[in-house]
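Computed over heavy atoms, backbone and side chain alike; hydrogens, waters and symmetry mates excluded. Given the structure is predicted, the values throughout are model-derived calculations rather than measurements.
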Amino acid sequence: MGTMTVTARTATEEKSDLGLELLGQVARLADLDETLVERMRAEALAVPTRGKVAYGEYQSGGWWTASLMNHSRSGDPHDVVIGDGRPRPTTLLDDMPVTKDFLAGLGLDFMYVRLARLEPHSYLWEHRDYAELTERGRHRLHIPLVTNPSASLVTAGARVHMGAGSLWRLTPSQAHGVRNVTGPDRLHLIADVYTDDAYRRLAAHPHLRAGDAVRLPDMTAADHSRLIERATQLASLGFVSSAEQVLLRAYYAYALPEGGAYDLITELHTALGADTEATRWTQAKQHLLARTSSLAGRNAE
């Protein structure tokens, strides 16, 4: 069962200031038995669907999700828009006995469980989650099943590689983004859960190991000028989407202020006299980085 595979935290925790800064946003919670992870990986790779591309405004394309537990009465795994409620197993989870037993063994109060696949050369742009949900303590757990060194989470001005073999916690109500540069596909088991005693026990010792996180450099004036110049050249040749993506990807290279990549795009369009596009990206920033109006986000640690 799942509870038997969770082991004590390792002795190689990250003690740096960077590690301490990040613990509220992303952390390892427990190590998992290697054989168990291999068996869950095999089940996930054998599912008969890649899932569905949803939340298109959040991504470059290439991010697929398939539900293992959702609120569909029919058990349809392609219902992937998360929401509050008591989830039911989908037709996929019914054919994944190892994963099903592991989830049951955790004893957690689940809200939604998905397989999330990010293809090579794909990005989830900087955003927040949970903003549309009601006030309630909730948390997001990640179990990396397939990953690679180029697959990383960016949050709080740092790049974090969520390595396989551990159960991780992400605070999705904080601004974050994900990229997979070279591949292969990044495949994670993601569970959204509610706060209860079982979760508190699981999350009692958040930690990071040395090398899990790398602080991103600040953007210099020269970096800024070079990026804007490159984007302007692309836009002037008619490659407006490519120009925007050049600036969106700056989030993964520099420790920008929150929403800084969106501000760069607004700056580009304003300079080109494209006021409608500048307004559109100002609104996109507000939408993608919307904060919860309740305590739900602050509790999702």
Side-chain angles (χ1 to χ4, degrees), residues 1-6 26-33 36-37 39-41 43-44 47 49 51-52 54-55 63-117 128-145 162 166-174 176 187-206 292 294-301:
M1 298 295 286
T3 53
M4 300 301 293
T5 65
V6 177
V26 59
R28 296 178 187 259
L29 298 185
D31 295 328
L32 301 176
D33 177 77
L36 171 79
V37 175
R39 295 174 70 192
M40 290 198 295
R41 179 185 302 121
E43 287 185 339
V47 298
T49 177
K52 182 177 179 180
Y55 300 103
W63 188 64
W64 301 75
T65 54
S67 294
L68 302 185
M69 296 177 69
N70 64 17
H71 305 132
S72 170
R73 292 183 180 275
S74 66
D76 182 5
H78 298 102
D79 179 357
V80 296
V81 178
I82 67 170
D84 282 316
R86 297 288 182 189
R88 306 174 181 87
T90 69
T91 54
L92 291 185
L93 187 58
D94 286 338
D95 292 330
M96 301 172 70
V98 175
T99 304
K100 189 172 186 178
D101 285 350
F102 168 75
L103 292 170
L106 291 175
L108 297 169
D109 186 3
F110 292 102
M111 167 183 153
Y112 230 83
V113 181
R114 298 168 291 165
L115 289 174
R117 183 186 298 269
R128 282 192 174 86
D129 296 308
Y130 293 167
E132 74 284 6
L133 301 179
T134 58
E135 179 178 346
R136 187 169 181 181
R138 53 176 63 81
H139 315 267
R140 180 162 295 168
L141 305 177
H142 278 247
I143 299 174
L145 298 175
M162 302 173 80
S166 292
L167 187 154
W168 294 73
R169 185 218 63 227
L170 171 66
T171 303
S173 55
Q174 301 297 321
H176 64 284
L187 181 62
H188 282 203
L189 174 64
I190 301 178
D192 292 278
V193 304
Y194 295 113
T195 304
D196 62 3
D197 289 343
Y199 172 79
R200 292 187 184 96
R201 288 191 295 270
L202 179 64
H205 301 292
T292 57
S294 68
L295 295 177
R298 285 190 288 272
N299 289 338
E301 58 183 5

Between H142 and V26, is any pair of side-chain heavy atoms under 4.5 Å apart?
-> no
Do L145 and M40 touch side chain to side chain, with heavy atoms closer than 4.5 Å?
-> yes
Indicate yes or no: at least one non-hydrogen side-chain atom of M96 is less than 4.5 angstrom from one of F102.
-> no
Under 3.5 Å, side chain of S67 to main-chain N/O of D79, donor-acceptor pair present?
-> yes
Evaluate side-chain contact (heavy atoms from CB on, under 4.5 Å) for I190 paired with V113, printing each intermediate quantity in order.
-> CA-CA 6 Å; I190 301 178; V113 181; over 6 Å; no
In this structure, CZ of R201 is separated from CG of L29 (nearest 0.5 Å) by 14.0 Å
Locate the shortest heavy-atom distance separating R88 from H71; write the atom from each residue and the value.
-> NH1-O, 3.2 Å
Can you tell if the side chain of L141 reaches within under 4.5 Å of the side chain of L202, non-hydrogen atoms only?
-> yes
What distance do T99 atom OG1 and L93 atom CG have between them, rounded to the nearest 0.5 Å?
-> 7.0 Å
Taking R128 for its side chain and S173 for its backbone only, find out whether a donor-acceptor pair lies under 3.5 Å.
-> yes
Going by the angle between their ring planes, with limits at 30° and 60°, are W63 and Y55 parallel, tilted or perpendicular?
-> tilted
Residue pair V80 / N70, side-chain heavy-atom distance below 4.5 Å | no
Measure the shortest side-chain to side-chain distance between D192 and D129 over non-hydrogen atoms and say whether it is less than 4.5 angstrom.
-> no
Looking only at heavy atoms, the pair that brings D94 and P89 closest together is OD1-CB, 3.9 Å
In terms of heavy-atom contacts, A198 and G107 come closest through CB-O, 3.4 Å
Nearest heavy atoms of L187 and A44, plus distance in Å | CD2-CB, 3.8 Å
Could you walk me through whether Y194 and D84 pass side-chain contact (heavy atoms from CB on, under 4.5 Å), step by step?
-> CA-CA 9 Å; Y194 295 113; D84 282 316; 2.7 Å; yes
Any idea which heavy atoms bring R140 and Y130 closest together, and the distance?
-> NH2-CE2, 3.5 Å
Contact summary for P144 and S166, nearest pair of heavy atoms | CD-O, 3.5 Å
Would Y199 and R169 count as a side-chain contact (heavy atoms from CB on, under 4.5 Å) if you check the C-alpha gap in whole Å, the side-chain angles of each, and the deciding distance to 0.1 Å?
-> CA-CA 11 Å; Y199 172 79; R169 185 218 63 227; 3.2 Å; yes
M69 side, atom CE; Y112 side, atom OH - distance, nearest 0.5 Å | 11.0 Å
Distance, nearest 0.5 Å, that separates OG1 of T171 from NE2 of H139 | 8.5 Å
Any Lys/Arg nitrogen of R86 or D109 sitting under 4.0 Å from an Asp/Glu carboxylate oxygen of the other?
-> yes
When you look at T65 and R114, which way does the side-chain hydrogen bond (donor to acceptor under 3.5 Å, both in side chains) test go after all the steps?
-> CA-CA 6 Å; T65 54; R114 298 168 291 165; 5.1 Å; no
